[in-house]
Protein chains: 2
Amino acid sequence: MANAPRKGPYICGIDAALDVVSGKWKGLVLWELHAHGVRRFAELRRALPGVSEKMLTQHLRQMEEDGLVHRTVYAEVPPRVEYSLTESGAALNEALRPLGEWGRDRIRRHRLAVAPDPDAPVPAGS
Amino acid sequence: MANAPRKGPYICGIDAALDVVSGKWKGLVLWELHAHGVRRFAELRRALPGVSEKMLTQHLRQMEEDGLVHRTVYAEVPPRVEYSLTESGAALNEALRPLGEWGRDRIRRHRLAVAPDPDAPVPAGS
DNA sequence: CAGCATCCATTATGATACTG
DNA sequence: CAGTATCATAATGGATGCTG
């Protein structure tokens, strides 16, 4: 993925779409940017428990190249980089919603493990 | 994938869903089974240009384990095995439809390569 | 803070030959 | 026909250290 080995040719829309969302964290990045609108690198990092800097960078660059996310660099010290969804990325997210529903259903039905939400407020008394 | 290294825990429905559709041919298998209802091993093989027997078997087994496809073996000579979508698989396919739309849009917009449909009728004069 | 470079481990995918 | 087994390679994921 590091050098975006563009798959294709595609047989139908499904695999064209799956091609750009495949990757361990792409779905979560989309989700996170959709939920918050704009996120900085470190914020995304925190939102994706277990992701390494390299992977996050790779995924973000790939998604930028695929026209899904927008990257804004502020020439400040310390540096600041903000990510947001492009129009295409937002549309993809919309298209992903039913899939998310199905996934939640599946989690319920099969009682799969769910990681704690790092955005959740800290429980009182801790 | 050969031994289904169940990922998770999941952070949201999206990645739970992406987990079961990730794989180079899963989307196409779903598509094919959706379009035709029931397909034999060799039919699926033909429908997925370039897939190796091993990969197809692996994907089908994984999808069976994930409860997406149903596998029926007929004790005949020569052997016959038919695959079809389970209820869950059909629901997944429904959930995948908007994604397919988005993918087709993307193909159009970026003028991406599209493989010829092996199901298409043979052009006259060949 | 937001990265890039390097090395290394694990997975995914493939080609080929063989079997009931 | 519908697979398995075996042998390879490519793609992906991750740990660590360094830089502007």
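Quick note on labels: first sequence line is chain A, next is B, and so on, each numbered from 1.
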Discussion item. For a quick check of understanding: with a heavy-atom distance under 4.0 Å over all strands, which category does Tyr83(B) fall into, base, sugar-phosphate or nothing?
Written reply: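 Result for Tyr83(B) = sugar-phosphate.
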
Whole angstrom value for the distance that separates [atom2] of [N] from [atom1] of [X]:
{"X": "Glu43(B)", "N": "dC1(D)", "atom1": "CD", "atom2": "P", "value": "11 Å"}
{"X": "Leu56(A)", "N": "dG13(D)", "atom1": "CG", "atom2": "C1'", "value": "13 Å"}
{"X": "Leu60(A)", "N": "dG3(C)", "atom1": "CG", "atom2": "P", "value": "8 Å"}
{"X": "Lys24(A)", "N": "dG14(D)", "atom1": "NZ", "atom2": "C1'", "value": "9 Å"}
{"X": "Arg39(A)", "N": "dA2(C)", "atom1": "CZ", "atom2": "C1'", "value": "16 Å"}
{"X": "Met55(B)", "N": "dA10(D)", "atom1": "CE", "atom2": "P", "value": "16 Å"}
{"X": "Asp19(A)", "N": "dT13(C)", "atom1": "CG", "atom2": "C1'", "value": "15 Å"}
{"X": "Gln58(B)", "N": "dA5(D)", "atom1": "CD", "atom2": "C1'", "value": "12 Å"}

Should [X] be listed as having a side-chain N or O under 4.0 Å from OP1 or OP2 of [N]?
{"X": "Arg71(B)", "N": "dG3(D)", "value": "yes"}
{"X": "Arg40(A)", "N": "dC1(C)", "value": "no"}
{"X": "Lys54(B)", "N": "dT16(C)", "value": "no"}
{"X": "Arg45(A)", "N": "dG3(C)", "value": "no"}
{"X": "Arg80(B)", "N": "dA2(D)", "value": "no"}
{"X": "His59(A)", "N": "dT12(D)", "value": "no"}

Item to complete: Determine, step by step, whether Glu43(B) and Arg46(B) satisfy the salt bridge (Lys or Arg N to Asp or Glu O under 4.0 Å) criterion, reporting the C-alpha distance in whole Å, the side-chain angles of both residues, the deciding distance to 0.1 Å, and the verdict.
Response: CA-CA 5 Å; Glu43(B) 289 174 326; Arg46(B) 277 190 293 276; 5.1 Å; no

From [options], nucleotide with atom closest to [X] side chain:
{"X": "Glu53(B)", "options": "dG20(C), dC4(C), dT4(D)", "value": "dT4(D)"}
{"X": "Ala42(B)", "options": "dG14(C), dA2(D), dC1(C)", "value": "dA2(D)"}
{"X": "Phe41(A)", "options": "dA2(D), dG14(C), dA2(C)", "value": "dA2(C)"}
{"X": "Pro79(B)", "options": "dC1(D), dC4(C), dG14(D)", "value": "dC1(D)"}

Discussion item. Between Trp25(B) and Val81(A), which residue's closest nucleotide on DNA chain C lies nearer the 5′ terminus?
Written reply: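 Looking at the nearest nucleotide for each, Val81(A) comes out on the 5' side.
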
With a 4.5 Å limit on heavy-atom distance, are the side chains of [X] and [Y] in contact?
{"X": "Val51(A)", "Y": "Lys24(A)", "value": "no"}
{"X": "Lys26(B)", "Y": "Gln62(B)", "value": "yes"}
{"X": "Leu44(B)", "Y": "Leu33(B)", "value": "yes"}

Discussion item. My understanding is that only residues two or more places apart in sequence, or in another chain, count here; which of them pass side-chain hydrogen bond (donor to acceptor under 3.5 Å, both in side chains) with Glu94(B)?
Written reply: Arg97(B)

